[in-house]
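Worksheet for the structure shown next.
Here is the naming used below: chain letters follow the sequence lines, and residue numbers restart at 1 for every chain.
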Amino acid sequence: MSELAFWLVAAITVVSAGMVVFSGQLIYSAIALLFTLLGVAGLYIFLWADFMAGIQVMVYIGGILVLIIFGIMLTHKIESVKISQTNVQRKIGAFVVAVFLLFLASSLGSAPWFQMVTTEPSETVSTVGKLLMTKYLLPFEVASILLLGSLIGAAMLSRKEG
Amino acid sequence: MTVDLLYDWLNETIPFLSGNDLLLLFAILIPALMLFLVIAVNAIVLVYAERKVSAFMQDRVGPMGQGVGLHAGKWGMLQTIADALKLISKEDIIPKLADRKLFIMAPFIIFVGAFIAVIALPFGESLIVADMNIGIFYILAVSSFGVIGLILAGWSSNNKWSLYGGMRSAAQIISYEIPAGLSLVTVIMLTGTLSMQGIIQYQSGGIFDWIVFSSPFSFIAFIIYFIAGIAETNRTPFDIPEAESELVGGFHTEYSGMRWSFFFLSEYANMLVVNGVAVTAFLGGWQSPISGYFNTAGWGIFWFISKILVLVFVMMWVRWTFPRLRVDQLMDICWKYLLPIALMNIFGVGLWTLIFG
């Protein structure tokens, strides 16, 4: 059953990711991206990373995807023609993708794999929190300073002169 | 958890299927159907309550039985059911220039967003569909899911009023998620867990063990969460997304019949979720207010639902008392007042637990 669910989630992720790339209209691409991001959150859950899945939904769907849709709507006038997205240089793209796939396949075959944890860990969030506050404190603080800087920058840019 | 209990029970009662995946599927589907029923009944009751409360606040009588042939029950109690039947039988209109696929999809996305949040609500000590490790965070995360449905509904209708409504409501919900989340952080700091049942267990005892009364800061956090909750459910005084006097009906202007009623189902389901989280995080969830009394499983459900209903009544009270805010006032309240207070609050709760904890 859980294997079936996994394949379903994986199929949703891959098919909707394809729709993001191949759909003719930007707004449909954005909606397909919703299902891709949800699928990735589902894959996190299969890896017992429930906190990561929550973050994925909150940041990518609640924040970034909404911003993308806002951007599409604000640039689109209701009366005018619909914005379409076209893919150019398909042949070169296909070649690059094929080379990349070969590279991926060869490295997938030779890489040493971590074994997946098969039992549910009793605590996921508190482990993440403790690691962030001890082992990874410096990267955590650096990331927050980066975010603070971008916040101040955004406030400066959007502020009226005078 | 309900799903596990159901699965065990099904395994015992149907021995020739025990261990079968089919039973797990049933154990998941049965609570899902029950939740759908809860959401539908919740909407019917709350619509009736809203009409009666608003009528009494304005010195009217509200829906009543309307004479012999057209009876809507005593005190109009069947009015909402009649309305629901009317909505089901109404013609389903899709505007010619609307984006058909997205127009059809939008109500479902909004409803799914509300529905998956109800899953994590603890109705009783063992009556919760999924008691997740990340319960309260999960609800915060999936509540951003419905926003996309709102924008889609506004955009796909191909109507400027709808588009304005969708934009406004998305901007509003995203902004008010921040003070709501920050005020819940104070609760998480006190309890040290994200699980809904864990938070309720922390508040066991009487009314004075509830988080809302545990320190002055958590009381402020409760008020902030409640204000943000009103804004997240798009209710007056924060109802500019569907401001009738400016935007006809906001994002659902073009919808009719069953599709329209899905917006209402999810709106009232969202009220259930927001107030359910408030009750869980601040008001002791299914715990009885008097320590040691009325604390059985049945009373648990009673306490949880009646606490939610009290908060819902306050929301309706607020709706018929305050005028609608302007867009700039709305953003002012969120970013200039609620957010700094919520941030100070986190600091205050930290100090409080350091000194008195």
Side-chain angles (χ1 to χ4, degrees), chain A residues 1-5 19 23 25-28 30-35 37-38 41-42 44-45 48-74 76-80 82-83 120-130 151 155, chain B residues 19-25 27-28 97-99 101-102 105-106 109 112-113 116 120 130 132-152 154-164 166-167 170-171 173-174 177-178 181 188 192-195 198 335:
Chain A
M1 175 101 167
S2 88
E3 198 166 328
L4 195 73
M19 279 167 69
S23 139
Q25 276 187 42
L26 268 183
I27 187 88
Y28 287 147
I31 299 310
L33 191 59
L34 166 72
F35 292 100
L37 295 173
L38 266 186
Y44 280 133
I45 290 173
W48 304 112
D50 49 0
F51 186 66
M52 281 301 293
I55 293 273
Q56 166 86 8
V57 172
M58 194 167 208
V59 172
Y60 283 94
I61 294 178
I64 292 177
L65 187 61
V66 171
L67 265 184
I68 290 176
I69 297 180
F70 252 82
I72 294 172
M73 285 176 185
L74 288 175
H76 170 97
K77 279 202 192 113
I78 291 185
E79 302 84 22
S80 69
K82 292 197 159 63
I83 317 169
E120 185 177 359
S122 59
E123 275 292 340
T124 51
V125 191
S126 64
T127 325
V128 173
K130 273 172 196 148
L151 256 178
Chain B
N20 199 321
D21 280 345
L22 207 64
L23 291 184
L24 185 60
L25 200 64
I28 293 170
L97 290 176
D99 192 322
K101 282 180 210 157
L102 297 183
M105 204 164 95
I109 292 189
V112 166
I116 54 179
M132 278 167 275
N133 234 329
I134 54 163
I136 204 163
F137 180 64
Y138 166 83
I139 290 186
L140 278 180
V142 298
S143 65
S144 58
F145 194 77
V147 178
I148 290 180
L150 290 181
I151 312 179
L152 276 190
W155 188 81
S156 64
S157 307
N158 207 353
N159 170 334
K160 40 187 147 176
W161 310 127
S162 301
L163 185 61
Y164 277 130
M167 292 285 213
I173 293 178
I174 290 176
E177 247 170 33
I178 296 166
I188 297 162
T193 175
L194 290 174
S195 141
W335 296 104

Could you pull out all donor-acceptor pairs under 3.5 Å where a side-chain atom in residues 142-149 of chain B meets a protein atom, sequence neighbours excluded?
residue   : atom : partner   : partner atom : Å
Ser143(B) : OG   : Ile139(B) : O            : 3.4
Ser143(B) : OG   : Leu140(B) : O            : 2.8
Ser144(B) : OG   : Ala141(B) : O            : 2.5

Looking at chain B, which one of Val57(A), Asp50(A), Val66(A) has the largest number of heavy-atom pairs inside 4.5 Å, strictly under?
Asp50(A)
Cut-off 4.5 Å, heavy atoms of chain A, and the answer for Met167(B) is both
Heavy atoms only: give me the nearest Phe70(A)-Ala170(B) pair and the separation to one decimal.
CE1-CB, 3.6 Å
Quick one: list whatever passes side chain to side chain contact (heavy atoms under 4.5 Å, CB included) with Tyr28(A), sequence neighbours left out.
Ser23(A), Gln25(A), Asp99(B), Lys101(B), Leu102(B)
Measuring heavy-atom distances to chain B, does Val125(A) have an atom under 4.5 Å in its side chain, in its backbone, in both, or in neither?
side chain
Spacing of CD1 belonging to Ile151(B) relative to CD1 belonging to Ile69(A), to within rounding of 0.5 Å
5.0 Å
Could you check whether any side-chain heavy atom of Ile55(A) comes within less than 4.5 Å of a side-chain heavy atom of Phe137(B), counting everything from C-beta outward?
yes
